[in-house]
Structures are given as structure tokens and as C-alpha cells.
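Report on the following structure.
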Protein chains: 2
Amino acid sequence: MATNVRIPVGYDPRSFPPVAVTVDMVVLTIADGVLQVLLVERGAEPFEGSWALPGGFIHEDETLDDAARRELEEETGTQVAPYLQQFHTYGDPGRDPRMRVVTVAYLAVVPTVGDISAGTDARLAELVPLTRALKGTGRYRLAFDHRVILRDAVDQARALLETTSIATAFVDDPFTLSELRHVYEAVWGQALDPGNFRRKVLSTPGFVVATGRHARPGPEGGKPPELFHPGTITRLDPALHRA
Amino acid sequence: MATNVRIPVGYDPRSFPPVAVTVDMVVLTIADGVLQVLLVERGAEPFEGSWALPGGFIHEDETLDDAARRELEEETGTQVAPYLQQFHTYGDPGRDPRMRVVTVAYLAVVPTVGDISAGTDARLAELVPLTRALKGTGRYRLAFDHRVILRDAVDQARALLETTSIATAFVDDPFTLSELRHVYEAVWGQALDPGNFRRKVLSTPGFVVATGRHARPGPEGGKPPELFHPGTITRLDPALHRA
DNA sequence: CTAATAGTGTCTCTAAGACAGTATTCC
DNA sequence: GGAATACTGTCTTAGAGACACTATTAG
């Protein structure tokens, strides 16, 4: 089949076999106190009965970051993710049985996923607890190498919590230090000492900014917690180490 | 012009405009006590008078990592780099004026560059001090966005020195702790205390392995230094922090 | 001998972790 | 009042950095 591929000066067409480039996204959020990932179900073959990370082909005249932002909005209705960064590119031949596909994978972190069904596609989208998505069996079996991509993204997120302020991307503004601590506990899967956590966060200049206001205590009571805004820094120094 | 691009089932050809995928490499090494990068000169337009990072199109039926290994060997004759990892993918439209090119960038670290002219290409290759390569003017003006790629790679390398054992990739096996310290000093551009450095390295289990042997002192004299092999670990815990 | 490099000892300071104690709310 | 959550204080320990000191070589 003929296409409109133009062969530029100085390039031998046989040097670059047909390659499709996609941007796929691992959208992480915390719901019900558990780390969750956004998955979509694609009806058509060869996706039959399997789920996938949201994503799609890059358009002409858009950067990779723009493509990621576009896909994110198409899928979640979210205009801006507090965190959206490329983390790895996957290009094994045969990872997509139809043709050579090179996928630039992005990690997105959002505080809440609005209306999932607001996506422009008619595809079914769901927020899935990470443990179930990584299981590899049952309802949420992942297509292609998407299970590897998801695992890599979560490893990346766990590491970024130590050295960057990515945790603030999981919570709404303003937030309490308990909410911020719950982010670390959900992603790392381990409990942290509230007192020591507070001291570490507050002793890292620029991580969070006090508002002076306080939130109402929850239904269980307790002292009204102080509210904070995200800070301006992106790199934590000193880092917040895992035990 | 017609090509042999086949349109697979289920894909709309207009969804994936013609994209070429290349693997480009930032090959770092230390020579004359200074961090150096391998650059190649490409004669043909639009490279006229500018230098570039070594790299090329991916082949069918090879993984991205395999493409990187192949390019490295073509360019340096080195079969195996002690460190070779993908670090970022660049795909802005217009970054290559000829067509849409998505470049997966790799960071390679080698202890010594063998015969540079051993490359299969007839292109001229040179080891260039990083400071001159990053200057952006003079003899080694870089093509396209290669200056940005180089800067990102060096930032990455500086960060990896803190948390991984990448430093051992810069030195031959076996090595002395002074040689290892010179790696940190050259890449970070700052002097380190020899005594404290030794203690930190030896207190990180698995970073280096003592051989029991000693090297001859240099022409300036001094106590014969102990020789070490690279260790088995890849992640430094605790990390080796920069001041 | 001196100069240079390799390696050790020791002191101070900072940050992490354990954990007890205080403050303020809901029920 | 008791239970729960939000803080604060204090003690111990580990690691980083400064820097003095010892060991072994070349010239």
C-alpha cells in the first residue's frame, strides 16, 4: 500500500524501517487510601479481553510532552497534571504484534481523577488498585509489555518520593501533613512515624508552605490539622529516605 | 515517492505520520584527568561544519539496547561498555530539519576509548573535553539539540555517581581508591577529602572488593596503594552525597 | 633528608528513628 | 469522661566533614 512518506535528502529509506511512535501513560492517584492506576479496555483485536495503559500515536507538529498532555486530557478530562514526566522508552521488536512500535512512557500523578468516562474515546476506562493491576491474572490482564511498563513506573514513583516533591502532586491544594504522609504510606506500603515525618517535611525548606489556616477534624475527632500549600522546590534536600 | 510501508490491521495510516527513530549516544570517559565526550563530524549537509553525538537509525529486529550496543561498537570498537543505559527520549518536531526524528538517547561510560578511528564509518571522531563541547561555540559546535542532550546526560551522570556504582565504569579493573576518587572529582568538578572518601567507599558493602594486591606508586612516590575490583552491587546504600 | 601519596584516628555536627508527653477535637 | 488525631520534646545512634596523624614510597 502506498503512503505519503517522503524520503528526505541524505537518507536511505532502507535505513529507517516503518516505525510508529506512541506515548503511553501511567496515571497514578490515591483513592480509598490505596495506590491506583488508570487502565482502559480496548475492544478490538489483538486487545480482546485485555486492558492497556492509556496512550496513542504522536501527532505531527506536537512535542512528546504535548502528546502526553493531550492523551491525559482525552483520557481523564484533566487539563493539567501536577506531575507529568517521561521515564522510559520501550521498543523491543514484536512487543506489538502488528508492527514496530516505539513507546515513550510517561508517569502522570493526579490528586483525583475527575470523570473517567469523559474521555473522547468510547473505550471503557477504570481506576484499578495497583496490586490487582500488577497481578497479571484475573479481570485486569494487561496487553503487550504494559505490565513491565507499569512496574517500572511504580518503581520510579517510589524512588521519586525520596528525592523530589512529587508527593504533593497526589494531594489537593491545600493539604494536611497527614494527607501527605498517607501518600508516602500508600506508595511505599509502610507506616511512617507521624512526628518524625512532620519534622522532616518542615525541615526541608520549600517543600511545603504553611497557610496559617486549619482544617476541620475528621469524624473521629482530633486536633484540627494545619493546612499547607505545595512548595516551590522540586528537589528534596536532604532527601526523605525510606527505611 | 512510494515506499514499502505496510499498513497493519486496525491502524489508520494518518494516525502515524512518518517517523524515524534513532539511538544516539553520549559516550563519557576520563582522559588527562578531565571528563571527555566522544563526538563525530558529519560532512554532509545539514551537518556542515558541526559535530554530533554518535548514533544512527534502529534496525528491524533489534531492541533499543542492542542498537545502542551496535552503535557503540561501530563508533569506538568497544564491544562492551561497563555502563550503557537509556536516559531520555527527544522528539520535538523540527529538531532535525529533514524529517520527524525521535531519538532515544543513551549514556555510555567506558574506562578508555580504544582506537577511535576504528569505526566502520569514514566519519571523523574525536574525544573532546566536556567544557569545550558544552561551550557551543568554536570548533565543536553541536548539531540540532545535541547540546541539550549532552547537558542532560552529564546531569544524569553526576546524579548517578551519588546513588549507583557507575563510578567503577570509568576505571580499569583493578583500580585504586585514588583513581576512583579522581572520577568523582572530574565529574563533579570538586575536590574530595581522600580519607573520608576511602571510609565512605569501604563502608558501603559491595561497592568495591579488595584484591589484596598493591600497585606501584607513581613517579612522585608515595605509599603503594591497594588495588580493588568493582563490586557486585549497582545501588549505593548509603548514598555518596555531594557537598 | 623532603615531598608526595596512602591510609587511620578522632572530634564535631547533623539528621534519623524511637518513643514519651501535651493539645484539641468528636462522641 | 475516653478515644482519636495533631503536634512537641528528648534521647540515642549513624553518618558526614574537618583535620591531625602515621606509613611507605621516589628522588
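From a predicted model like this one, the values you see are computed outputs, not experimental measurements. In what follows, chains are A, B, ... by sequence order, proteins preceding strands, each numbered from 1.
- Residue order along DNA chain C, read from the 5' end via each residue's closest nucleotide, puts B:Glu226 first among A:Gly218 and B:Glu226.
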Residues 128-139 of chain B, side-chain donor-acceptor partners within the protein, below 3.5 Å, at least two apart:
| residue | atom | partner | partner atom | Å |
| --- | --- | --- | --- | --- |
| B:Arg139 | NH2 | B:Glu126 | OE2 | 2.6 |

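- Computed from coordinates, the A:Leu192 CG to C:dA18 C1' distance equals 14 Å when rounded to whole Å.
- Applying the side chain to side chain donor-acceptor pair (under 3.5 Å) criterion to B:Gln86, with sequence neighbours excluded, gives A:His88.
- Partners of B:Arg147 according to the salt bridge (charged side-chain N to carboxylate O under 4.0 Å, His left out) rule, which considers only residues two or more places apart in sequence or in another chain, do not exist here.
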For nucleotides 13-20 of chain D, tabulate all protein N/O to nucleotide N/O atom pairs closer than 3.5 Å, reporting atom names and distance.
| residue | atom | partner | partner atom | Å |
| --- | --- | --- | --- | --- |
| D:dA16 | OP1 | B:Ala239 | O | 3.4 |
| D:dG17 | OP2 | B:Lys200 | NZ | 2.8 |
| D:dA18 | N7 | B:Asn196 | ND2 | 2.8 |
| D:dA18 | N6 | B:Asn196 | OD1 | 3.1 |
| D:dA18 | N6 | B:Arg199 | NH2 | 3.4 |

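- Contacts with DNA chain C (heavy atom under 4.0 Å) in residues 157-168 of chain A: none are found.
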Expected rows: protein N/O vs nucleotides 1-5 of chain D N/O, under 3.5 Å:
| residue | atom | partner | partner atom | Å |
| --- | --- | --- | --- | --- |
| D:dT5 | O2 | A:Lys223 | N | 3.1 |

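- Between B:Pro217 and A:Arg198, the residue anchored closer to the 5' end of DNA chain D is A:Arg198, taking for each the nucleotide with the nearest heavy atom.
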Show which side-chain atoms of residues 221-237 of chain A pair as donor or acceptor with protein atoms under 3.5 Å away, not counting sequence neighbours.
| residue | atom | partner | partner atom | Å |
| --- | --- | --- | --- | --- |
| A:Glu226 | OE1 | A:Arg198 | NH2 | 3.4 |
| A:His229 | ND1 | A:Asp173 | OD1 | 2.7 |

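- Among residues at least two apart or in separate chains, side chain to side chain donor-acceptor pair (under 3.5 Å) pairs with a member in residues 24-34 of chain B are B:Thr22-B:Asp24, B:Asp24-B:His146.
- Applying the salt bridge (charged side-chain N to carboxylate O under 4.0 Å, His left out) test to pairs two or more places apart or on separate chains, those with a residue in residues 180-195 of chain A are A:Arg181-A:Glu185.
- Not counting sequence neighbours, the partners of B:Glu179 by the side chain to side chain contact (heavy atoms under 4.5 Å, CB included) test are B:Val171, B:Phe175, B:Thr176.
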Solution key, residues 104-111 of chain A side-chain donor-acceptor pairs under 3.5 Å, sequence neighbours excluded:
| residue | atom | partner | partner atom | Å |
| --- | --- | --- | --- | --- |
| A:Tyr106 | OH | A:Asp65 | N | 3.3 |
| A:Tyr106 | OH | A:Asp65 | OD1 | 2.5 |

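- The side chain to side chain contact (heavy atoms under 4.5 Å, CB included) test applied to A:Gln85 returns A:Tyr83, not counting sequence neighbours.
- Using a 4.0 Å heavy-atom distance criterion, B:Pro219 is classed as a sugar-phosphate-only contact.
- Distance A:Leu202 CG to D:dC7 P: 9 Å, rounded to the nearest Å.
- Here the P atom of nucleotide C:dT25 and the CZ atom of A:Arg216 are 8 Å apart, to the nearest Å.
- The CG atom of A:Leu53 sits 6.5 Å away from the CG atom of A:Leu142 when rounded to the nearest 0.5 Å.
- Remark: A:Arg69 does not engage A:Glu73 in a salt bridge, criterion side-chain N to carboxylate O under 4.0 Å.
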